[in-house]
Amino acid sequence: TDITKIRNFSIIAHIDHGKSTLADRLIQRTGGLTAREMSEQVLDNMDIEKERGITIKAQTVRLEWKGHVLNLMDTPGHVDFAYEVSRSLAACEGALLVVDAAQGVEAQTLANVYQSIEHDHEIIPVINKIDLPSAEPEKVRAEIEDVIGLDASNAVLASAKAGIGIDEILDAIVERIPSPKGDPDAPLKAMLVDSWYDPYLGVVILVRVIDGSIRKGQQVKFMQTGTTHLVDRVGAFRPKIEQLPDLGPGEIGFITAQIKEVAQARVGDTLTDAKKPAAEALPGFKEVQPVVFCGLFPVDAADFEKLRESISKLRLNDASFSFEMETSAALGFGFRCGFLGLLHLEIIQERLMREYDLDLITTAPSVVYKMRLTKAAGEAVGQEIELHNPADMPDPNRIEEIEEPWIQAVIYVPDEYLGPILKLCQDRRGIQKNLTYVGGRAQVTYELPLNEVVFDFYDRLKSISRGYASFDYEQIGHRAGDLVKMSILVNNEPVDALSMIVHRSTAESRGRGMCERLKDLIPRHLFKIPIQAAIGGKVIARETIAALRKDVTAKCYGGDASRKRKLLEKQKEGKKRMREYGSVQIPQEAFIAALRMG
Ligand code: GDP
Ligand code: MG
């Protein structure tokens, strides 16, 4: 393809402002699919994505419009996938900024548009949903200018739903977004934008060619992983698969190369020609590491093998999540899994439950702690270990120092919610670094321990701000902290799945919260159940679930003493069993609810 005829763009928007609907329209208008084929939203192709209204895996579609090739790149819309978003944006020269004509600029609009500006994108504002009676396009136009500082005089007024402004958007893409630049004669240099497992094709790799070209039969080298593969297919999605002889500079498309696992095809890697390699890789490759860990256990122990198979299958398609076997006294056999963040955790958990029909118990999410142990006999320095599981916490006497991961978070929020947001950050041991105002919005920067964020920070942020706050974060390394392991005892037995590592200053309130929640969540039994939070041997919080009064002997008329005794014995046995399997008697919803810190 003639490079001057190529336009690469993504669509950025606050959730629900119409990104997917617009993408579908663009595909339909350019003839990619018939109206009947469009009945399903094409770009959000997983159930969970559709339900949550977020895009997890980037998908790209090649459109043709008036002699030009338009590559529409969909981007994941959540901070857990920040690196994938950044790679997708780096593969484009421009973006459509979709803003709801009735809602106006919202937090996510800002976060997204700033990222797009950082990538030097030409941004085309699209004021969508002008068909709504409550639409105020002129007000929104002014808002885009005041709040974001973008010229919106030539914003396109559109309705993705009613099909208004679609041709204008396509024309604007051709006219305003610059064509990519690249040298067709230089050695191949292509960025690996995304990869996923397809049951028919194997691992499919989405690439953006920078220089040179990639073709079938070529030996390509992955510069970061160092492996070499033979390209056996080259093509594009329109959105149906179409094979092409090659992809030249500026083009976006896919290749397959008989790769078995996505772990071999890491986002951000550089592909080059194995025989005539580029001198250096593209900048910015980042090996993404799981930052949140939790245990996943089958409710029914008999499902363990099924869980193993299902997790292995998911892993084929998602190199960013990790797993290894784990055993728990309360929950039996399961897996310790690592995720990019809480949403990532929820997505994997939901897919296992839904697609693989598994009933699961998830333990409290934990971050990765680094610790140095005290010197053992004969050791020059104390051993350094990484802790992924609170249950593996060494004896406190053996710990010289513990470090926890910290993040720098940037929060955008309308003024009126600033107070409670600052309080939330303070309560979570945050250190305020910066506070500025953009229009009627505050932008606050905080350093926070990740430990305080993995529980429910995002949910709290959203509820405090009625959905208006958005945040973005990056990791800034480990720092020492006064961290302790808190155990939860139900009926005097520690429930290993509920133990967690907390900062000493927040232990008591965390412990009290957990006990209170468990008190409401665990159904009453025939005997009373103490619930305690403890650090070491010291109880720091306590609640009791009152016994359910039920006179089992009431039905025994008269004096059949032996029958009465038998019944009482049976009840005692029940109690014993109850104690033995104490934690398993906790309903699964109670577990999940208890682990979602309030
Ligand atoms: P996304 O989260 O940005 O991908 O938003 P969607 O495309 O999923 O749209 C969110 C909701 O807004 C859906 O119910 C759409 O049908 C609706 N919607 C999208 N575009 C328009 C529009 O132009 N007019 C109206 N009235 N509704 C729209
Ligand atoms: Mg969508």
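Atoms within a ligand are numbered from 1 in the order they appear, just like the ligands themselves.
When Lys129, Arg25, Lys19 are ranked by how near their heavy atoms come to atom 11 (C) of ligand 1, first place goes to Lys129. Among Asp16, Ile164, Asn128, the residue whose heavy atom sits closest to atom 10 (C) of ligand 1 is Asp16.
Annotation: Ile130 places no N or O atom under 3.5 Å from an N or O atom of ligand 1; distance criterion only. Taking any N or O of Ala158, backbone or side chain, none lies under 3.5 Å from an N or O belonging to ligand 1.
Contacts of Tyr417 classified as ring-ring contact (aromatic ring centres under 6.0 Å, His included), with partners at least two apart in sequence or in another chain: none. Considering only residues two or more places apart in sequence or on other chains, Asn8 meets the side chain to side chain donor-acceptor pair (under 3.5 Å) condition with Asn71, Glu93.
Taking the six-membered ring where the residue is Trp, Trp196 and Phe237 present tilted rings, their angle falling between 30° and 60°.
Looking at Asp167 and Trp65, their side chains never bring a donor and an acceptor atom within 3.5 Å of each other.
Interface atoms of ligand 1 facing Ser20, defined by a heavy-atom separation under 4.0 Å, are 1 (P), 4 (O), 7 (O). Set against the non-hydrogen atoms of Ser159, the atoms of ligand 1 under 4.0 Å away are 22 (C), 23 (O), 24 (N). Near Leu132, meaning under 4.0 Å from one of its heavy atoms, ligand 1 places the atoms 26 (N).
Leu26 contributes atom CG, which lies 6.0 Å from atom CD1 of Ile169 (distance to the nearest 0.5 angstrom).
In this structure a side-chain-to-backbone donor-acceptor pair under 3.5 Å is present from Asn128 to His17.
Contact annotation: for Ala13 versus ligand 1, there are no heavy atoms closer than 4.0 Å.
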